[in-house]
Number of protein chains: 2
Amino acid sequence: MVKSMLNQQTALDLTFQALADPGRRAMLERLSRGPAAVSELAQPLTMSLPAVLQHLNVLETAGLVTSQKTGRIRTCQIAGSGLSAAQAWLADRRAEWEARFDRLETYLNGLQEEDRNGCV
Amino acid sequence: MVKSMLNQQTALDLTFQALADPGRRAMLERLSRGPAAVSELAQPLTMSLPAVLQHLNVLETAGLVTSQKTGRIRTCQIAGSGLSAAQAWLADRRAEWEARFDRLETYLNGLQEEDRNGCV
DNA sequence: AAAACACATAAGTCAACACTTAACTATTGC
DNA sequence: GCAATAGTTAAGTGTTGACTTATGTGTTTT
């Protein structure tokens with residue numbers, strides 16, 4: 001369990017790191033609209049093919065993309081599950097923050113109420 | 001409009017980059033439970049104070065945290081809006097992916113139907 | 001006023017990233 | 001079989017990132 005927690009933290013590192021690059025995000029955007037070959041992913045990007053391969057590797061290591069090769073063509077697809085860990089982390093933080101925000105609001109409303117009742 | 005789009009991409013870069021570090025995520029986790037002073041953020045982390053300040057700077061530049069100084073104490077708080085851009089991007093990708101997945105499923109069901117009807 | 005506190009800035013180091021070009025390997029089409 | 005295609009691997013380079021220590025600046029406390 002301890003190990004899985006550490007792994008999870010590392011997984012989040014890899015995920016957010018992977019998402020931090022605009023080229024990689026562009027690749028993910030393309031893949032979210034359907035599978036694509038490596039050269040298809042490379043086409044809109046202004047970089048060499050080896051560079052694209054390296055980015056692809058980052059995405060695969062992060063579990064955001066899977067690929068398999070048939071013949072001389074490697075077909076890549078997005079891995080929906082990879083995105084959800086990142087999404088969940090963000091949602092958790094927002095939820096906690098908003099809960100705090102709501103409590104603060106309630107507290108302030110309480111103060112206002114006391115004020116109206118002449119309590120100092 | 002072009003400029004704002006570029007800025008937004010840069011903003012996502014900064015956001016995901018900021019989220020990629022476990023120390024910074026720890027700081028955000030702490031801040032999602034309420035405001036904190038710099039040394040309070042630093043306390044659980046095994047690094048020097050200047051390092052924490054640098055991380056804090058990254059978080060502020062990414063718009064994930066705000067802070068103001070009163071006296072000799074700088075109080076930091078999470079900026080909920082900063083997280084939402086990242087959340088939105090992830091949600092968009094997932095939505096597109098899931099829509100495609102659903103269409104595929106529908107298509108496969110259609111094939112199965114045809115099969116049952118003896119169509120080849 | 002002196003000491004302690006809470007942060008801030010500077011400068012330097014070491015590793016990780018994002019590329020590049022060059023050379024190589026397996027398919028596929030002719 | 002030979003050439004073109006699609007991807008792969010290796011090695012090198014410049015930049016950025018994550019720290020560090022040393023030193024400096026206001027602000028309280030005593």
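So that the names make sense, note that chain A is the first sequence line, chain B the second, and so on, each numbered from 1.
Between D:dC19 and B:H55, a contact under 4.0 Å exists linking OP1 or OP2 to a side-chain N or O. Side-chain N/O atoms of B:S39 include none lying less than 4.0 angstrom from OP1 or OP2 on C:dC5.
Atom CD1 in A:I73 sits roughly 16 Å away from atom C1' in C:dT25 (whole-Å rounding). The CG atom of B:L49 sits 12 Å away from the P atom of D:dT21 (whole-angstrom rounding). Residue B:L53 contributes atom CG, which lies 14 Å from atom C1' of D:dA18 at whole-angstrom precision. Atom-to-atom, CD of B:Q68 to C1' of C:dA8 comes out at 17 Å; the value is rounded to the nearest Å. Atom CD in B:Q17 sits roughly 9 Å away from atom C1' in D:dT16 (whole-Å rounding). Protein atom NZ of A:K69 is 7 Å distant from nucleotide atom C1' of D:dA6, rounded to whole Å. The nearest whole Å value for the distance from the CG atom in A:D13 to the P atom in D:dA18 is 11 Å. Atom P of nucleotide D:dA10 and atom CG of A:N57 are separated by 12 Å, given to the nearest angstrom.
Between A:P50 and B:P50, the residue anchored closer to the 5' end of DNA chain C is B:P50, taking for each the nucleotide with the nearest heavy atom. Toward the 5' end of DNA chain C, the nearer of the two residues A:G71 and A:T46, judged by each one's closest nucleotide, is A:T46. Mapping B:V58 and A:T75 onto DNA chain D by nearest heavy atom places A:T75 at the nucleotide closer to the 5' end.
Because its NZ or CZ atom is not both nearer than 6.0 Å to the ring centre of A:W97 and within 45° of the ring axis, A:R93 does not count as a cation-pi partner of that residue.
For B:R72, the listed nucleotide lying nearest its side chain is C:dA6; candidates were D:dT8, D:dA18, C:dA6. The side chain of A:D21 lies closest to C:dA18, out of C:dA18, D:dA18, D:dG17. Of the candidate nucleotides C:dC7, C:dA8, C:dT20, C:dA8 has the atom nearest to the side chain of B:R74.
Judged by distance alone with a 3.5 Å cut-off, a donor-acceptor contact links the side chain of B:Q54 to the base of D:dC19.
With rounding to the nearest 0.5 Å, the separation of CG in A:L31 from CD in B:E96 is 11.0 Å.
Using a 4.0 Å heavy-atom criterion, one finds that B:S48 contacts the bases of the nucleic acid, with or without backbone contacts as well.
In the hydrophobic cluster analysis, where Ile, Leu, Val, Met, Phe, Trp and Tyr join through side-chain heavy atoms closer than 4.5 angstrom, B:I73 is grouped apart from B:V52.
In this structure, B:R100 contributes its side chain and A:P35 its backbone to no donor-acceptor pair below 3.5 Å.
Applying the 6.0 Å contact sphere to CD of A:Q43 captures no more than 12 heavy atoms from other residues, nucleotides or ligands.
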